[in-house]
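A, B, ... follow the sequence lines: proteins, then strands. Residue 1 opens every chain.
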Protein chains: 2
Amino acid sequence: MDKKSPIQITLTERDDSVTITQWVYETLRGAVMNGQILPGRALTIRELAALLDVSPMPIREALRQLSAESALEIQGNRRVMVPTMTAMKFTELCEARIAIESHAAARALPYIDATRLAELHSLDRLIDQAQDDENLEQISILNQNFHRLLYTANPHQVTLPLIESLWLQLGPFMRLATSKLEEHYVIDRHNEAMLAIEKQDAFALQLAITADIREGIAFASTPELLHRFIEQSRTASHA
Amino acid sequence: MDKKSPIQITLTERDDSVTITQWVYETLRGAVMNGQILPGRALTIRELAALLDVSPMPIREALRQLSAESALEIQGNRRVMVPTMTAMKFTELCEARIAIESHAAARALPYIDATRLAELHSLDRLIDQAQDDENLEQISILNQNFHRLLYTANPHQVTLPLIESLWLQLGPFMRLATSKLEEHYVIDRHNEAMLAIEKQDAFALQLAITADIREGIAFASTPELLHRFIEQSRTASHA
DNA sequence: AAATTATTTTTGTGATCACAAAGTATGGTT
DNA sequence: AACCATACTTTGTGATCACAAAAATAATTT
């Protein structure tokens, strides 16, 4: 058991108002999102239960939910693991993000009022600030919040769960991408998006979102770098 | 308990090679898909356990998975139910289908070889046949198979789980729509799609898929009819 | 020594139990 | 008769246990 790569999960204080299962779910979700669990690493219920100091039951439920969200993968052996990434899959995930998120943005556009636009602006300012501080973790979170705030303007919106699933699958690798951030290479596409919102220009908004996603992936990591990392992470699972 | 609307779930023979949880999941999924459970109807673990004659455990797992797929909804009370539909949500689901599925089709196009095209053709013939027999249930299933076969041509495809989630949410209402089928109103957009495939014309394929989805919803049910049914189904939950 | 079989351990699955919170019904008070 | 407090029931949650399948290890044979 010890020969398997160790898992270092950041544990947050558990609020009693929340069920254990929910807490486990959020904890494991965070661990996957932050790349704390290596792709291909087999996860066992009892191991995680011991790690999080709970009974196997909440683990089972959380694992099943994460699997349904494609954050984890159930192999034929009934074993659960973080899915391995391939360059092609990475491309597909990014293109899916663009297709769905630009659609979600256009659908949200008519519902964005002055209040929400102001909120978007203030979020954007926080992102600028985080960029000055070079706080990569923060940038990533705030960027997600920006997108979420945009799409949820549509009160009838149904795509956010799908989008979050894609984020989850890309999570570990987005993190790598941002970790390579060095220059002021990040052109702020959010301003472009907000300008489009003010003009109620759906097409321009879609272009801005598309560009934002594409650059968010490409700004630091060249295709070659990406490719190399992906292949490297696949071999890591053999450890 | 008996004052609640009764649930009539079609039980299939359980294969021993499959886990009970898996069987329960498929059974409940089918029940939701076929509209056998009224939206808004509260589902309890013990009730379903008694109904399917299994212990509460597999029910719990299946419910959690279905909730993660947006097939069921967890209320604040921790109660689980089939989500209620609104006209706006219905529109959003359809538009999401179009956005994602036309994208998935375009992405699959380069991978469709002669073998798969032949399979698509033979599926299409089966659909024609089912249409002659006015076998609505069959048409619905075969139509899904057609779309699935198309999208899964792409070996790196990541959107099918998302698409299936949308199908699940639309399920009960798609069923209504097809139940209104009377005339030969159904123009076959599948031929259009397959022609586009032969020409390797991505844009034409997207148009065909879009038209297919749009008509699949609209061909029998006028917006007014749809609206009326949706409102009606909402009040049904008060029974 | 390599491959195959046998044994032991680990693991997921599913059933049962205990408990607290939510819901429902009941009975008493205004 | 309407309202509220109390008792009772139902329900989800989480822990524990039993078991069979799978994995890993050890033993045996070719």
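- As rounded to whole Å, 12 Å separates atom C1' of C/dT10 from atom CD of A/Glu47.
- Heavy-atom contacts from other residues, nucleotides or ligands closer than 6.0 Å to CG of B/Asp53 number 12 or fewer.
- Around atom CD of A/Gln75, more than 12 heavy atoms belonging to other residues, nucleotides or ligands sit under 6.0 Å away.
- Regarding B/Tyr25, its OH atom lies at a distance of 18 Å from the C1' atom of C/dT13, rounded to whole Å.
- B/Ile74 comes within contact range of no nucleotide atom at all, as no heavy-atom separation falls under 4.0 Å.
- In terms of position along DNA chain C, the nucleotide closest to B/Val54 lies nearer the 5' end than the nucleotide closest to the other residue of the pair B/Arg78 and B/Val54.
- Looking at B/Thr152 and B/Arg116, their side chains do bring a donor and an acceptor atom within 3.5 Å of each other.
- Judged purely by distance below 3.5 Å, without hydrogens or angles, the side chains of B/Glu61 and B/Gln65 never pair a donor atom with an acceptor atom.
- Donor-acceptor pairing under 3.5 Å, judged by distance alone, is present between the side chain of B/Arg46 and the base of D/dG12.
- Spacing between atom CE of A/Met57 and atom P of D/dT16 amounts to 10 Å, rounded to whole angstrom units.
- Not one side-chain nitrogen or oxygen of B/Thr44 sits closer than 4.0 Å to the OP1 or OP2 atom of D/dT10.
- Note that the CG atom of B/Leu170 and the SG atom of B/Cys94 stand 5.0 Å from one another [nearest 0.5 Å].
- Taking atom CZ of A/Arg79 as the reference point, atom P of D/dA22 lies 12 Å away to the nearest angstrom.
- Rounded to whole Å, the distance from CG on B/Leu63 to C1' on D/dT13 is 14 Å.
- Residue A/Ile59 is out of contact with every strand shown, counting any heavy-atom pair closer than 4.0 Å.
- A straight line from CZ of B/Arg64 to P of D/dG12 spans 12 Å, rounded to a whole angstrom.
- Counting to the nearest Å, the P atom of C/dT11 and the CD atom of A/Gln75 are 14 Å from each other.
- In this structure, the CD1 atom of B/Ile45 is 8 Å from the C1' atom of D/dT13, given to the nearest Å.
- Counting any heavy atom pair closer than 4.0 Å across all strands shown, A/Arg60 reaches a base atom.
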